[in-house]
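A quick write-up on the structure given underneath.
Side-chain atoms are counted along with the backbone in the values below, which use heavy atoms only and exclude waters and symmetry mates. Throughout, protein chains are lettered first and strands after them, A, B, ... in sequence-line order, and every chain is numbered starting at 1.
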There are 2 protein chains.
Amino acid sequence: MDNREISQAVIGRLPRYFRYLGELKDEGIERISSQELSDIMKVTASQIRQDFNNFGGFGQQGYGYKVEYLYEEIGKILGLNRSHNLIIIGAGNLGQALANYMNFERRGFLFKGIFDKNPALYGRKIRSMEIRPMEEMEDFVRKNGIDIAVLTIPKTEAVAVAERLVEAGIRGIWNFAHVDLNVPRDVQVENVHLSDSLMKLTYNISSFENGI
Amino acid sequence: MDNREISQAVIGRLPRYFRYLGELKDEGIERISSQELSDIMKVTASQIRQDFNNFGGFGQQGYGYKVEYLYEEIGKILGLNRSHNLIIIGAGNLGQALANYMNFERRGFLFKGIFDKNPALYGRKIRSMEIRPMEEMEDFVRKNGIDIAVLTIPKTEAVAVAERLVEAGIRGIWNFAHVDLNVPRDVQVENVHLSDSLMKLTYNISSFENGI
DNA sequence: AAAATAATGTCAATTCATTGACATTCCCTT
DNA sequence: AAGGGAATGTCAATGAATTGACATTATTTT
């Protein structure tokens with residue numbers, strides 16, 4: 001594998017390739033050309049080939065790509081070939097929804113615990129997992145090899161909690177709090193700022209109505 | 001206001017500006033230069049000025065930007081100066097969490113109804129709003145001037161439901177279903193693909209560990 | 001009131017991302 | 001086994017986004 005850095009623009013497209021390839025695989029389709037994939041996904045065939053080539057290229061000239069192989073390889077690139085232990089910080093509406101959702105388990109994301117600062121919730125169970133006090137968080141991360149913390153707490157608390165998680169050796173933070181976290185370079189943060197997303201939507205609605 | 005199209009790269013940054021300016025405003029700060037904002041937000045001052053100038057420029061040379069004014073203007077650009085009526089389709093974990101969350105009300109997003117196809121849920125209340133059957137959806141959209149539909153249903157159903165919403169005259173869809181929707185150009189779609197986001201996180205974790 | 005200062009708005013330069021073109025390679029058929 | 005066809009991998013060209021530089025203009029100070 002190549003060592004030069006891949007642009008986030010490319011990374012951002014990988015999950016979508018992965019999804020379409022998964023669907024093709026499920027449909028029993030064994031091979032596909034960049035042109036066919038281009039038609040389905042509505043991106044240029046050139047971009048598809050360019051993107052895959054960032055990782056060395058997975059195709060065979062004159063033939064195309066083997067769907068299953070390509071699917072597996074992209075999965076590996078995305079780090080889905082191994083499982084990830086995750087905890088959820090904040091047992092509010094969103095935290096509980098994510099805990100209960102967990103279609104993610106299929107992809108190797110193992111829900112290991114959920115924490116909240118509200119004593120009234122301690123011991124209450126979510127998917128046979130009792131809600132734990134925040135004080136136990138660092139210990140839990142260390143003892144259970146937790147990779148990923150999902151932050152579904154108010155922004156006023158998120159920065160401090162993130163610091164504690166970093167201290168405890170977390171590798172990645174999936175941040176739903178509406179604040180930018182400042183972490184060292186060896187900890188990855190992926191933000192899901194729902195209200196930002198909603199604002200983009202209203203911008204596009206307004207902008208369309210005010211005539212383009 | 002200018003008529004040429006603004007790039008989505010710029011639009012994507014506006015909510016973040018809006019958030020920081022809101023915080024500055026709450027702190028009672030009245031004016032700020034692009035350089036100061038640059039230090040806080042960790043983007044180049046040049047980009048800040050360039051971004052604002054897409055909309056004509058809101059500053060005063062030699063002085064900087066008036067925080068409150070800039071905040072208001074960006075709010076307008078984002079379409080937050082008027083309210084939006086929204087409904088949630090799918091009363092599962094995520095749908096209910098979003099209905100209950102609704103910090104969004106502060107920004108003028110008015111939660112008007114929630115729908116589900118499961119009869120067992122009909123009449124059950126979420127924030128004093130009873131869950132309605134899917135059959136009533138189109139009528140409800142038309143009669144209540146609904147702008148935005150939030151899709152929190154399985155991907156297998158999302159495409160068909162989106163078509164029905166379009167038919168009923170929806171303006172925007174906030175899509176949490178893990179599928180790409182195909183809608184006419186006068187309907188805006190904003191996707192929130194949570195699993196894609198999580199995969200980006202694991203990519204970055206793996207990629208860091210495999211050494212850059 | 002005039003000069004000095006400060007910071008915008010804007011243009012040009014650079015960097016990054018996407019698209020297009022095609023030579024190369026591999027598969028498949030005869 | 002050899003040749004034709006098909007589609008990749010890759011290079012070059014284009015286009016978009018970001019950064020840098022500075023002239024201009026407003027504010028502030030003397």
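- Listed by chain and residue number, A:Glu157 satisfy the salt bridge (charged side-chain N to carboxylate O under 4.0 Å, His left out) test with A:Lys117 (two or more places apart in sequence, or in another chain).
- No donor-acceptor contact under 3.5 angstrom links the side chains of B:Asn85 and B:Asp147, judged on distance only.
- Between the CZ atom of B:Phe52 and the P atom of C:dT8 there is a distance of 10 Å, given to the nearest Å.
- If you take CD1 of A:Ile48 and C1' of D:dA7, they are 13 Å apart, rounded to a whole angstrom.
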Under a 4.0 Å heavy-atom criterion, the protein footprint on nucleotides 22-30 of chain C, written with B, S and -, is B-BBBSS--
Please list, pair by pair, any protein nitrogen or oxygen found under 3.5 Å from a nitrogen or oxygen in nucleotides 1-3 of chain D.
none

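- Legend: residues meeting side-chain hydrogen bond (donor to acceptor under 3.5 Å, both in side chains) with A:Ser197, ordered by chain and number and at least two apart, are B:Trp174, B:Glu190.
- Residues passing the side chain to side chain contact (heavy atoms under 4.5 Å, CB included) test with B:Asp116, sequence neighbours excluded: B:Ala91, B:Asn118, B:Leu121, B:Ile131.
- No hydrogens or angles considered: a donor-acceptor pair under 3.5 Å links the side chains of A:His178 and A:Asp196.
- Between B:Phe104 and B:Phe111, the distance from one ring center to the other does not fall under 6.0 angstrom.
- Atom P of nucleotide D:dA26 and atom NZ of B:Lys66 are separated by 13 Å, given to the nearest angstrom.
- Scored by the side chain to side chain contact (heavy atoms under 4.5 Å, CB included) test, A:Arg107 finds A:Phe18, A:Tyr71, A:Leu80, A:Phe109, B:Met199 as partners (sequence neighbours excluded).
- With sequence neighbours left out, the salt bridge (charged side-chain N to carboxylate O under 4.0 Å, His left out) criterion links A:Glu138 to A:Arg164.
- In this structure, the CZ atom of A:Phe58 is 17 Å from the C1' atom of D:dA7, given to the nearest Å.
- Among the atoms of the strands shown, only primed sugar atoms or phosphate atoms (P, OP1, OP2) are found under 4.0 Å from some heavy atom of B:Tyr65.
- Rounded to 10°, the helix from C:dA1-D:dT30 to C:dT30-D:dA1 has 10° between the axis fitted to its first five pairs and the one fitted to its last five.
- A:Glu36 meets the side chain to side chain contact (heavy atoms under 4.5 Å, CB included) test with A:Ile32, A:Ser33; sequence neighbours excluded.
- If you take CG of A:Asn54 and P of D:dT8, they are 16 Å apart, rounded to a whole angstrom.
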Assign a letter to each nucleotide of nucleotides 11-19 of chain D from its 5' end: B, base within under 4.0 Å of a protein heavy atom; S, sugar-phosphate only; -, no contact. BB----SSB
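- Applying the salt bridge (charged side-chain N to carboxylate O under 4.0 Å, His left out) rule to A:Lys76 yields the partners A:Glu73; only residues at least two apart in sequence or on another chain are considered.
- When the salt bridge (charged side-chain N to carboxylate O under 4.0 Å, His left out) test is applied to B:Arg13, the partners found at least two apart in sequence or on another chain are B:Asp51.
- Put simply, CD on A:Glu30 and NZ on A:Lys66 are 8.5 Å apart, with the number rounded to the nearest 0.5 Å.
- The minimum heavy-atom distance between A:Ser34 and A:Arg49, with the atom names listed, is OG-NH1, 2.9 Å.
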